[in-house]
Number of protein chains: 2
Amino acid sequence: MIACVKCGKVENIIRSGFVRGKQRLFCKACDVYFSVTPPNPSTSKKQHQTTIIDVAKVLGVAPSTVSRALNNSAEINENTRAEIIRVANELDYRPNLLAQSLHRGETHTIGVVIPDIQRPFFAGVVAGIQKVASEAGYRVMICQSNESHNTETLNVQALVASRVDGLLISHSQETNTFEHVKLQLKKGLPIVHFDRVCDELDTAKVIQEDFAGSFGLVEHLILQGCRKIAVFAGPEDLLISQKRLNGYLSALKKYGISIENELIFHSNFKHEESIDALNYWFSLREKPDAIFTIHYANAIEMIVELKRRAIKIPDEIALAAFGDDLLAALIEPSLTVYNQFPYLVGQEAASILIENIINKDTFQPFTKTIKGELIVRQSSLKNLNAN
Amino acid sequence: MIACVKCGKVENIIRSGFVRGKQRLFCKACDVYFSVTPPNPSTSKKQHQTTIIDVAKVLGVAPSTVSRALNNSAEINENTRAEIIRVANELDYRPNLLAQSLHRGETHTIGVVIPDIQRPFFAGVVAGIQKVASEAGYRVMICQSNESHNTETLNVQALVASRVDGLLISHSQETNTFEHVKLQLKKGLPIVHFDRVCDELDTAKVIQEDFAGSFGLVEHLILQGCRKIAVFAGPEDLLISQKRLNGYLSALKKYGISIENELIFHSNFKHEESIDALNYWFSLREKPDAIFTIHYANAIEMIVELKRRAIKIPDEIALAAFGDDLLAALIEPSLTVYNQFPYLVGQEAASILIENIINKDTFQPFTKTIKGELIVRQSSLKNLNAN
DNA sequence: ATAACTATCGGAAACGTTTCCGAAAACGAA
DNA sequence: TTCGTTTTCGGAAACGTTTCCGATAGTTAT
């Protein structure tokens with residue numbers, strides 16, 4: 001028979017139901033309800049990371065004293081501090097950043113949303129981001145959208161839940177509405193866009209010379225004597241595709257070359273589409289004498305296919321592409337490209353975001369353009385080959 | 001004149017020093033000390049992420065009620081739950097994972113330490129890791145050691161401070177002592193090694209067939225008629241280099257080919273060393289007729305250099321390498337390789353780690369070997385070219 | 001009417017860390 | 001000795017969330 005938790009007597013106890021799998025009792029004398037608590041299971045000493053409380057116990061001081069010692073406070077005796085630091089090192093104390101960040105209201109973590117880490121451009125950007133972040137004492141949390149708007153939205157939500165101090169975003173191909181970003185911007189979260197930016201949001205941006213780079217590549221093809229230049233573009237909604245396409249159109253216009261719609265092929269950058277475009281263009285009565293792809297991987301795919309068809313590059317058809325990689329230099333013929341300097345893009349983006357985080361109240365969003373470089377290689381050198 | 005905080009009188013007040021930039025006062029009547037607190041600065045309503053407390057205030061319920069509603073508790077009325085969920089969505093409530101993880105004692109985050117994200121092998125591994133982790137509800141935090149033992153140690157410490165639930169580690173080239181990992185293992189942190197593992201630690205491991213892959217590549221070269229096969233190895237301390245070198249040695253032995261020390265070149269995988277090795281080998285009285293590199297990037301570098309020297313591959317010298325990439329297939333001559341399937345390595349490693357995290361008390365470390373694939377390409381096909 | 005049960009809400013305390021404050025001892029000046 | 005200062009420690013409360021418990025109203029069975 002169970003005794004009352006208040007008076008200790010058993011004669012006035014009646015049952016009062018089962019709640020949460022446990023018998024509840026009522027003492028009529030005291031007007032008190034209570035549960036029958038099972039015997040305390042042996043709380044085995046569980047392995048865990050050392051806490052400030054563990055260090056404090058070893059030394060017989062308060063946790064606040066340990067904290068002061070480890071954090072350059074003036075209100076700690078130097079001998080006490082040295083002793084605390086000694087024990088903390090002995091016990092391999094590592095601050096719990098969860099607790100620390102919860103208290104401080106900042107995590108020193110920046111979230112990065114990119115389409116695909118396996119793409120050399122984005123791997124390069126991430127490397128640049130990590131370099132700058134690391135030097136500024138920030139961690140980096142990377143998410144991949146895999147070109148899906150929905151995944152991108154989930155990524156943003158997960159990073160917000162992790163309470164990142166700021167976001168670096170390069171949008172997925174699919175993303176054409178931006179509520180998920182707008183909402184966080186409104187809440188005051190620092191956000192910097194890079195590469196695939198969004199013109200309707202007042203964020204800082206790091207972009208490349210999409211227009212000028214494109215213009216320069218097409219101009220170079222024109223100066224090589226090309227007159228029927230086909231362009232393999234991306235989705236019509238994708239801002240960088242629009243800009244690069246405009247550079248193409250502008251170069252044609254400058255040199256008085258008429259624009260032919262059948263030479264403009266819109267795609268989702270897929271391999272099969274590279275082949276489709278080639279098939280289409282080579283079925284025309286007048287074939288193109290040059291191809292410009294706005295994403296270099298498609299140019300690689302086309303080089304492989306043209307070589308398979310024994311079509312001579314650049315004699316029969318020249319190639320030029322936006323973006324660079326070691327492969328572009330080593331494939332034969334080597335590919336004429338516009339190098340975007342992804343590592344530098346990453347560095348700039350991280351640098352601007354950190355400035356935004358630190359000077360949150362005064363930061364004014366701006367756009368930083370990273371100047372790329374036209375690299376002429378074998379794939380477009382028609383005149384040289386004419387010798 | 002300031003009044004006593006206790007009795008409200010001013011006549012018994014004396015000064016009692018300056019502490020923390022503020023005047024302290026003493027009331028002789030009450031025997032009470034206090035500071036002069038400056039007027040409360042206007043606490044402007046600061047923008048922040050919505051908390052459970054915000055939702056609770058809107059509805060006039062307790063925070064614990066909101067928590068119960070959002071977490072499938074049985075002790076919440078369905079109407080109350082629906083109302084709370086409605087308001088939470090309206091206010092875009094996102095759980096604060098810092099607080100949640102602090103309470104639950106787990107972060108659902110796994111830490112990954114790799115040498116370099118820009119290396120396609122590791123980018124592929126990371127992609128595989130992220131796939132499995134994401135499906136299991138885990139986040140991934142990636143750190144790069146940049147082949148430095150010290151940076152690797154700092155990475156581990158940072159991840160521990162972030163209270164990751166487990167670690168996936170591929171060691172840097174420099175790392176030859178493992179105290180930093182042993183310490184965390186002793187604290188019960190789940191750890192899985194992949195690729196560059198450590199044999200002295202009782203962790204689960206995901207490895208490739210270093211020996212067998214190497215053996216197969218060298219055997220293939222021998223069957224192509226090569227008899228003076230040079231090997232471009234890594235640092236002597238690096239375990240994967242040792243294993244791949246052993247595969248080389250074993251294949252030579254199987255076919256009764258004597259081992260010549262000048263054909264074994266140890267390096268740190270640097271580009272300049274690729275050139276150094278070629279210079280050395282071509283200065284020998286008897287030049288090698290094949291080269292096996294244990295890291296494919298060096299083979300690429302050598303192909304470029306040999307072509308520059310107008311040395312015919314594979315007629316004069318064949319090449320084969322450990323590791324694969326698109327570039328290996330597209331360079332000319334295309335490179336014979338052992339493909340390690342990095343994405344699969346990443347998937348397996350993440351899968352094992354998550355199992356370790358979930359079944360922490362019963363998990364037994366084991367080693368999983370990922371079977372790779374020998375891919376014969378142009379760089380080693382001597383017999384075919386003899387026609 | 002009494003006993004026993006169920007449903008569901010609010011409050012308290014925990015997680016680890018930080019920072020503010022008072023307490024109290026020590027010191028220096030008048 | 002009194003007044004005024006400095007040093008430095010411990011305690012309390014905050015950060016956001018979760019989970020345990022009791023409180024209390026309602027329901028059912030005897």
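This structure is a prediction, so every number in the text was calculated from the model and none was measured. Every chain is numbered from 1 and lettered A, B, ... according to where its sequence line falls, protein lines coming before strand lines.
- Pairs of residues two or more places apart, or lying in two chains, never qualify as salt bridge (charged side-chain N to carboxylate O under 4.0 Å, His left out) while including a residue from residues 155-171 of chain B.
- A sub-4.0 Å separation between OP1 or OP2 of D/dG16 and a side-chain N or O of B/Gln49 is absent.
- With contacts defined as side-chain heavy-atom distances shorter than 4.5 Å, the pair A/Pro365/A/Thr203 does not qualify.
- Across C/dG22, D/dG10, C/dA7, the shortest atom-to-atom separation from the side chain of A/Thr65 is found for D/dG10.
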If you apply the rule side chain to side chain contact (heavy atoms under 4.5 Å, CB included), what do you find for A/Val113 with A/Glu152, and how did you get there?
CA-CA 7 Å; A/Val113 181; A/Glu152 183 179 298; 4.0 Å; yes
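- For B/Lys187, the NZ atom counts as densely surrounded, since its 6.0 Å shell holds more than 12 non-hydrogen atoms of other residues, nucleotides or ligands.
- Using a 4.5 Å heavy-atom cutoff, the side chains of A/Val61 and A/Val66 are in contact.
- For the helix from C/dA1-D/dT30 to C/dA30-D/dT1, the end axes, each set by the C1' atoms of five terminal pairs, are bent relative to each other by 60° (nearest 10°).
- OP1 or OP2 of D/dC3 has at least one side-chain nitrogen or oxygen of B/Lys28 nearer than 4.0 Å.
- In the interface, the side chain of B/Ser64 is paired with the base of C/dG11 through a donor and an acceptor atom under 3.5 Å apart.
- Taking atom CD of A/Gln23 as the reference point, atom P of D/dC21 lies 14 Å away to the nearest angstrom.
- For the segment residues 52-60 of chain B, the set of residues with a heavy atom within less than 4.0 Å of an atom of DNA chain C comprises B/Gly60, in numerical order.
- Rounding to whole angstrom units, CZ of residue A/Phe26 and P of D/dT24 are separated by 11 Å.
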Distances under 3.5 Å between protein N/O atoms and the N/O atoms of nucleotides 25-30 of chain D, please, pair by pair.
none

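- When rounded to the nearest whole Å, the span between CG of B/Leu25 and P of C/dG22 equals 10 Å.
- Within residues 82-110 of chain B, the residues that have a heavy atom under 4.0 Å from DNA chain C are, in order of number, B/Leu102, B/His103.
- Look at B/Arg24 and you won't find any side-chain N or O under 4.0 angstrom from OP1 or OP2 of D/dT5.
- Here the CG-CD1 distance, from A/Asn89 to A/Ile85, works out to 7.5 Å after rounding to the nearest 0.5 Å.
- Between the side chains of B/Thr51 and B/Asp54, at least one donor N or O sits under 3.5 Å from an acceptor N or O.
- With sequence neighbours excluded, the residues forming a salt bridge (charged side-chain N to carboxylate O under 4.0 Å, His left out) with A/Arg94 are A/Asp92, listed by chain and number.
- Inspection of the A/Ser64 and A/Ser67 side chains reveals no N or O donor paired with an N or O acceptor under 3.5 Å.
- Taking only distance into account, the side chain of B/Arg20 meets the base of C/dG22 through a donor-acceptor pair shorter than 3.5 Å.
- Contact check for A/Ile191 versus A/Val181: side-chain heavy atoms found under the 4.5 Å cut-off.
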Please tabulate, one pair per line, each protein N/O and nucleotide N/O from nucleotides 26-28 of chain C that are separated by under 3.5 Å, including the distance.
none

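- In the region residues 66-77 of chain A, proximity to DNA chain D at under 4.0 angstrom, judged on heavy atoms, holds for A/Arg68, A/Glu75, A/Ile76, A/Asn77.
- Contact annotation: the side chain of A/Asn356 never approaches that of A/Ile352 to less than 4.5 Å [non-hydrogen atoms, C-beta and beyond].
- Here A/Lys22 does not reach the OP1 or OP2 of D/dC20: none of its side-chain N or O atoms lies under 4.0 Å away.
- Within a 6.0 Å radius of NZ in A/Lys131, other residues, nucleotides and ligands contribute 12 heavy atoms or fewer.
- Per the geometry, CZ belonging to B/Arg81 stands 12 Å off C1' belonging to C/dT8, to the nearest Å.
- Scanning for side chain to side chain donor-acceptor pair (under 3.5 Å) contacts around B/Thr151 gives B/Ser148, with sequence neighbours left out.
- Across the protein-nucleic acid pair, B/Arg15 atom CZ and D/dT2 atom P stand 19 Å apart, rounded to whole Å.
- Nearest nucleotide to the B/Val19 side chain, out of C/dA4, C/dA7, D/dT6: D/dT6.
- With sequence neighbours left out, the side-chain contact (heavy atoms from CB on, under 4.5 Å) criterion links A/Thr80 to A/Thr65, A/Ile76, A/Asn77, A/Ile84.
- Between B/Arg24 and B/Ser35, the side chains place a donor N or O and an acceptor N or O closer than 3.5 Å (distance only, hydrogens not considered).
- Toward the 5' end of DNA chain C, the nearer of the two residues A/Thr50 and B/Val32, judged by each one's closest nucleotide, is A/Thr50.
- If you measure from atom CD of B/Glu78 to atom P of C/dT8, you get 8 Å, rounded to the nearest angstrom.
- Taking each heavy atom of B/Leu59 and B/Glu83 in turn, the nearest pair found is CD2-CG, 3.7 Å.
- Under the salt bridge (charged side-chain N to carboxylate O under 4.0 Å, His left out) criterion, the residue pairs touching residues 5-21 of chain B are A/Glu75-B/Arg20, with sequence neighbours excluded.
- Residues forming a salt bridge (charged side-chain N to carboxylate O under 4.0 Å, His left out) with A/Arg139 (at least two apart in sequence, or on another chain): none.
- Ring planes of A/His193 and A/His171: tilted class, angle from 30 to 60°.
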